[in-house]
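Proteins get letters first, then strands, A, B, ... in listed order; numbering begins at 1 in each.
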There are 2 protein chains.
Amino acid sequence: MRRSEIRGHLLDTALRLFNLHGYHATGIDLLIAEAGVAKTTLYRHFETKEDLILAALERRDEESRAEMRIFVEQRASEPYERLLATFDFLEASVRDKQFRGCIFMSAAGEHKEAVDPVFRAALMHKRLVLAYFEELAHAARFAEPKRIADAINLLHEGATAIAQMTRTGEPVRQSKRMATSLLAEEARVPNEPPARREGAEQQAKVSDTGRA
Amino acid sequence: MRRSEIRGHLLDTALRLFNLHGYHATGIDLLIAEAGVAKTTLYRHFETKEDLILAALERRDEESRAEMRIFVEQRASEPYERLLATFDFLEASVRDKQFRGCIFMSAAGEHKEAVDPVFRAALMHKRLVLAYFEELAHAARFAEPKRIADAINLLHEGATAIAQMTRTGEPVRQSKRMATSLLAEEARVPNEPPARREGAEQQAKVSDTGRA
DNA sequence: GCCAAACGATACAGATCGGTATATTTAAGC
DNA sequence: GCTTAAATATACCGATCTGTATCGTTTGGC
C-alpha cells in the first residue's frame, strides 16, 4: 500500500469497525490488525483515538452527503421530487447488509456530553443534512421551507431508528409514504422562487421595468 | 439501606449511569462506588455485567410503559386523544434535564448484533411500545390500527432521535403536530369496533351453507 | 543514489476492565 | 439470642485498554 493511501485506509477501516461494533468496543489493537498497519503508524497519523474518530466522522459526513446529493439529483430533476428521492437514498442505505444504524447517532449515543467533540461532530452532520433538506424545500417553493425540512428530517430519523431495530427497509418506505401525503398538502409559492428577499425584490423590479 | 432494597438500588444506579455515560463507558467500579455497595454484593445479585444490563433494561421497560399508560390515561379519556397524549408524555421525558436519548436505542446502538441479548431486550421494549400504540389505535376505531401505530411510532422515534441532538422539546411538539394532522385524515370505523376476523368468517360460512 | 522520514514489529507502560478470593462484620428470621 | 446468609473491605487475577519507546527496514523526494 502506498503511504499516501494509509490515512484513508485507516479511516475506512475505522468506519467499518465503528459501524460493526461501536466506538468504545472498537479497540486500537483490533483496528490496526484489520487495517494491517503498525500501531506506530496509526499514531503518526492520529494523535489520539478521539482524533481518529473525529477524522472518520468528518470523512463519512462529506462522503454520505455527497452520495445523497448525487443520488437524488440523478433520480429526480424537480426539487419537489428530490425531497421524496431522499427517502429512496435512505432506503438504499438501510437495505445494505452492513447497516447497523446511523453512525452519527451511535457516535452521539456513546458520547453524550453536549460539549464532547464527538457529539459536536455528529450534531454538525445532522445540521448539514437538515440544511440540504431546507435547500430542496426552498427550491421546491414551499411556503415554509424550514418547517418542511424539519418534517422531512424527522421522518428520516424516525425511519432510521426503527430500521436499526427491524433491520428492514420497510420503515423507510413507510416514512416516504407519510412524506408524500404530507408534502401534498403543504402550501407552495406559486411562481418565482421566493429567493433571498433582496434578490426577489430586485428581480421583480427588473422584470417589471423591462416589460411594462 | 435494607438488604431487600439493594437490588433495586443497584438497578436504579446502573440506569442513571447508563443514561449518563452509556453502557461500555460505565464501569463496574464506578457503579459500585456510586451505589455505595461492595463489589461482592453486586456480583451476588447479578452474575455478569450483561445480566445487570438486562435486568436494568427490563426494569426500565416496565417502569416507562407503566408511566406512559398512567400519564396518557389521566390526561385523556378518548383513545383518539390518548394517541396524541403519548406525545405529551414523550415531551415531558425529553424535557427532563437528564435526558440524553432513549436508553433502549443506546443499548441497541452499543450492542449491534441482532442476536445479542441486550439488543433483543431493547427490541422487545420497542415492540411492546408499538403494541400499546396499536391498542390505542384499535380502541380509537381506526380502520387500519397497525398502520396508524406504525406512523405514531415513527414520529416518536424521529422526535426522540432529534431531541437527543438538540436537547430541546421542540422536535416532540413538531411530531405531535404532524401526528395531529395525520390522524385527522385517517379513516375510522363508524360504529362498533371491528369484530375479530374469525368471528366474521364463521358467520359468513354459516349463512353461506345455510342458503346455498 | 542518498537521506530523511515513514513504515513495521515488538515490547512495554500504566490504567482500567470484568470478575474472584478471602476474611471480617452485620443483620434478618426462626 | 442464635444461626446463617449476606453484607463489607481489600487484595488480587488475567485480560485489555490507550498510548509510548525502541529499533531495524522500507520508501519517496531531491
Asker: Would the distance check show the side chain of B:Arg167 and the main-chain N or O of B:Gln164 forming a donor-acceptor pair, the cut-off being under 3.5 Å?
Answerer: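 Between the backbone of B:Gln164 and the side chain of B:Arg167 there is a qualifying donor-acceptor contact (under 3.5 Å).
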
Asker: Counting only N and O atoms by type, is there a donor-acceptor contact under 3.5 Å from the side chain of A:Asn153 to the main-chain atoms of A:Phe133?
Answerer: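 Judged by distance alone, no pair lies under 3.5 Å.
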
Asker: Taking the side chain of A:His45 as heavy atoms from C-beta outward, which of C:dC7, D:dA7, D:dT18 is closest to it?
Answerer: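 Side chain of A:His45 sits closest to C:dC7.
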
Asker: Where each residue is assigned the nucleotide of DNA chain C containing its nearest heavy atom, which of A:Val37 and B:Ile28 is assigned the position nearer the 5′ end?
Answerer: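 On the 5' side of the pair lies A:Val37.
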
Asker: Nearest whole Å is fine: how far is C:dC7 C1' from A:Glu5 CD?
Answerer: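 My rounded result for the distance is 14 Å.
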
Asker: Tell me yes or no: between the side chains of B:Thr86 and B:Lys176, is some donor less than 3.5 Å from an acceptor?
Answerer: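 Judged by distance alone, the side chains do not pair up.
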
Asker: Give a yes or no on whether the backbone of B:Gly22 and the side-chain of B:Glu110 come within a donor-acceptor separation of less than 3.5 Å.
Answerer: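 Flag not set: sc B:Glu110 to bb B:Gly22 has no pair under 3.5 Å.
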
Asker: What's the CZ-P distance between B:Phe46 and D:dA7, to the nearest Å?
Answerer: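 So the CZ-P distance, B:Phe46 to D:dA7, works out to 11 Å.
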
Asker: Report yes if the side chains of A:Leu57 and A:Ile103 come closer than 4.5 Å at any heavy-atom pair, otherwise no.
Answerer: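 With C-beta onward as the side chain, the pair touches.
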
Asker: Okay, side chain of B:Arg188, backbone of B:Ala140: is any donor-acceptor separation there less than 3.5 Å?
Answerer: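 Such a contact is found between B:Arg188 side chain and B:Ala140 backbone.
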
Asker: To the nearest Å, give me how far apart CG (A:Leu31) and C1' (D:dT16) are.
Answerer: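 Result: 15 Å.
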
Asker: For the pair A:Phe87 and A:His156, name the ring-plane relationship: parallel under 30°, tilted 30 to 60°, perpendicular over 60°.
Answerer: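 Aromatic pair A:Phe87/A:His156 classed tilted.
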
Asker: In whole angstroms, how far is the C1' atom of D:dC17 from the CD atom of A:Glu110?
Answerer: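 So the CD-C1' distance, A:Glu110 to D:dC17, works out to 15 Å.
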
Asker: Do A:His111 and B:His21 have ring centres separated by under 6.0 Å?
Answerer: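 They do not qualify: ring centres at least 6.0 Å apart.
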
Asker: In this structure, how many angstroms lie between the P atom of C:dT16 and the NE2 atom of B:His21, rounded?
Answerer: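 To the nearest whole Å, that distance equals 14 Å.
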
Asker: Please report, rounded to the nearest Å, how far the C1' atom of C:dC17 is from the CD1 atom of B:Ile32.
Answerer: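 Between C1' of C:dC17 and CD1 of B:Ile32: 12 Å.
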
Asker: Using the side-chain heavy atoms of B:Ala38, tell me which of these nucleotides is nearest: C:dG19, C:dC7, D:dT8.
Answerer: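 When the side chain of B:Ala38 is considered, D:dT8 is the closest of C:dG19, C:dC7, D:dT8.
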
Asker: What one-letter contact string describes nucleotides 20-27 of chain C from 5' to 3', where B marks a base within less than 4.0 Å of any protein heavy atom, S marks contact via sugar-phosphate atoms alone, and - marks no contact?
Answerer: BBB---BS

Asker: Any donor and acceptor pair, going by atom type alone, linking the side chain of A:Lys112 with main-chain N or O of A:Gly109 inside 3.5 Å?
Answerer: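 Yes; at least one donor-acceptor contact below 3.5 Å.
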
Asker: Of the nucleotides C:dG8, D:dA6, C:dA6, which one has an atom closest to the side chain of B:Arg44?
Answerer: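 Ranking C:dG8, D:dA6, C:dA6 by closest atom to the B:Arg44 side chain puts D:dA6 first.
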
Asker: Once you round it to whole Å, what is the distance between P of C:dC17 and CG of B:Leu17?
Answerer: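 To the nearest whole Å, that distance equals 12 Å.
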
Asker: How bent is the helix from C:dG1-D:dC30 to C:dC30-D:dG1, measuring the angle between the end axes built from five pairs each, rounded to 10°?
Answerer: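 Roughly 30°, once rounded to the nearest ten degrees.
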
Asker: Rounded off to whole Å, could you give me the CG-to-P distance for the A:Asp29 and C:dC17 pair?
Answerer: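 Checked: the CG to P distance equals 17 Å.
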
Asker: From D:dA7, C:dG19, D:dT18, pick the nucleotide closest to the side chain of A:Lys49?
Answerer: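 Nearest to the side chain of A:Lys49 among the choices is D:dT18.
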
